[in-house]
> 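One structure is given below, represented as structure tokens, and several questions about it will come after.
The analysis underlying the following values was restricted to heavy atoms, covering all of them including side chains, and did not include hydrogens, waters or symmetry mates.
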Amino acid sequence: MLRVACLPGDGIGPEVVGVATDVLRALPLEVEVEQHPFGGRAILDEGSPLPEDTLAACIAADAVLLGAVGLPELEGASVRPEQGLIGLRRALDVFANLRPATGRGVDLLIVRELLGGLYYGASGRRPDGSAFDTCEYTPAAIERIARQAFD
């Protein structure tokens, strides 16, 4: 039995994930889908975009089905829905985003690294008012994403 942790998220996320769940259940697979709070709705209901129970369910699952996150009322808040995405990526070591693009004369696969760079580097303001946002990648992270891309 394939165990899927389903994180509907916010906005259009629940609608899209609902259809994806219907497709999963229509396949000739034994599948168990469990929904868990995630993103903005989870912040409003539980105070965290990635509640501990949700993370535990994702770690125990065979797959995670993830919807979009973000709510207008949480724009600029100290705890944001995107922080759940970043925490989930790190916990599950999801380091590569594969984005295919095809069209007339185009067959391209963009490979994006997800566990380094601006999302994880130091950022802030200095006393003089200047701002900084650090983009850092370790040699191991660069090698890993390059190997993924070349594979």
Side-chain angles (χ1 to χ4, degrees), residues 2-25 31-103 108-149 151:
L2 180 65
R3 293 179 34 208
V4 178
C6 178
L7 313 181
D10 309 312
I12 197 168
E15 182 180 346
V16 172
V17 166
V19 173
T21 301
D22 291 344
V23 170
L24 259 179
R25 290 193 169 123
V31 63
E32 176 186 322
V33 179
E34 289 185 4
Q35 284 199 8
H36 301 278
F38 185 69
R41 183 83 264 146
I43 292 171
L44 297 177
D45 293 345
E46 301 189 31
S48 170
L50 180 58
E52 288 182 27
D53 289 346
T54 297
L55 179 56
C58 291
I59 291 169
D62 298 305
V64 177
L65 179 58
L66 178 66
V69 295
L71 292 174
E73 60 265 38
L74 295 173
E75 284 294 319
S78 61
V79 178
R80 298 182 331 274
E82 305 83 34
Q83 292 167 319
L85 288 172
I86 292 168
L88 187 62
R89 286 176 185 166
R90 178 163 277 158
L92 298 179
D93 198 29
V94 177
F95 70 94
N97 184 340
L98 308 177
R99 294 188 177 204
T102 57
L108 178 68
L109 178 64
I110 297 170
V111 181
R112 179 176 162 228
E113 203 284 333
L114 295 176
L115 293 179
L118 294 175
Y119 289 121
Y120 296 95
S123 63
R125 291 208 179 266
R126 294 185 182 97
D128 69 358
S130 62
F132 63 96
D133 203 351
T134 308
C135 183
E136 295 181 23
Y137 293 95
T138 66
I142 294 167
E143 181 177 337
R144 180 165 78 163
I145 197 66
R147 287 188 183 281
Q148 179 70 45
D151 283 348

> Please find the pair of heavy atoms, one from Gly84 and one from Leu50, that lie closest to each other, and give the distance.
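Shortest heavy-atom contact: O-CD2, 3.8 Å.
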> Determine all donor-acceptor pairs shorter than 3.5 Å in which one atom belongs to a side chain in residues 54-69; sequence neighbours excluded.
unit_1	atom_1	unit_2	atom_2	d
Thr54	OG1	Pro37	O	2.7
Asp62	OD2	Arg3	N	2.8

> Tell me every residue that passes side-chain hydrogen bond (donor to acceptor under 3.5 Å, both in side chains) with Asp93, counting only those two or more places apart in sequence or in another chain.
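Scan of Asp93 (side-chain hydrogen bond (donor to acceptor under 3.5 Å, both in side chains), adjacent residues dropped) gives Arg144.
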> Please name the pair of heavy atoms, one in Ile43 and one in Pro49, separated by the smallest distance, quoted to 0.1 Å.
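Nearest pair, atom of Ile43 first, then Pro49: CG1-N, 3.5 Å.
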> Decide yes or no on side-chain contact (heavy atoms from CB on, under 4.5 Å) for Leu88 and Val94, but give the supporting numbers first.
CA-CA 8 Å; Leu88 187 62; Val94 177; over 6 Å; no
> What closest approach, in Å, do Phe38 and Ala42 show between heavy atoms, and which atom pair accounts for it?
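In this case the closest contact between Phe38 and Ala42 is N-CB, 3.5 Å.
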> With sequence neighbours left out, write down each residue that passes side-chain hydrogen bond (donor to acceptor under 3.5 Å, both in side chains) with Glu143, or none if nothing qualifies.
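With sequence neighbours excluded, Glu143 shows a side-chain hydrogen bond (donor to acceptor under 3.5 Å, both in side chains) to Arg147, given in chain and number order.
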> Can you check whether Arg25 reaches Val33 side chain to side chain, under 4.5 Å on heavy atoms?
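Answer yes - side chains close enough.
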> Please name all residues satisfying side-chain contact (heavy atoms from CB on, under 4.5 Å) with Ala141, sequence neighbours left out, ordered by chain then number.
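By the side-chain contact (heavy atoms from CB on, under 4.5 Å) rule, Ala141 matches Glu113, Thr138.
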> Side chains of residues 9-16: which donor-acceptor partners sit under 3.5 Å, not counting sequence neighbours?
unit_1	atom_1	unit_2	atom_2	d
Asp10	OD1	Gly40	N	3.4
Asp10	OD1	Arg41	N	2.9
Asp10	OD2	Gly40	N	2.6
Asp10	OD2	Gly70	N	2.9

> Could you pull out the closest heavy-atom pair between Ile145 and Val111, with the gap in Å?
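Where Ile145 meets Val111 most closely, the heavy atoms are CD1-CG1, 3.6 Å.
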> Quick check on Glu52: does its CD atom have over 12 non-hydrogen neighbours (other residues, nucleotides or ligands) under 6.0 Å away?
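Counting neighbours around CD of Glu52, 12 or fewer heavy atoms of other residues, nucleotides or ligands fall under 6.0 Å, so no.
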> Output the distance between atom CG (Leu85) and atom CZ (Arg80), rounded to the nearest 0.5 Å.
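With rounding to 0.5 Å, CG (Leu85) is 10.5 Å from CZ (Arg80).
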> Please name the pair of heavy atoms, one in Glu73 and one in Leu44, separated by the smallest distance, quoted to 0.1 Å.
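Glu73 and Leu44 have their closest heavy atoms at OE2-CD1, 3.8 Å.
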> May I ask you to check whether over 12 heavy atoms, not counting those of Asn97, lie within 6.0 Å of atom CG?
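Enclosed.
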> For residues Cys6 and Val17, report the shortest heavy-atom separation together with the two atoms involved.
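So the minimum-distance heavy-atom pair works out to SG-CG1, 3.0 Å.
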> Tabulate below the donor-acceptor pairs under 3.5 Å that side-chain atoms of residues 115-128 make, not counting sequence neighbours, or state none.
unit_1	atom_1	unit_2	atom_2	d
Tyr119	OH	Arg112	NH2	3.3
Tyr120	OH	Ile86	O	3.1
Arg125	NH1	Gly129	O	3.2
Asp128	OD1	Ser130	N	2.9
Asp128	OD1	Ser130	OG	2.7

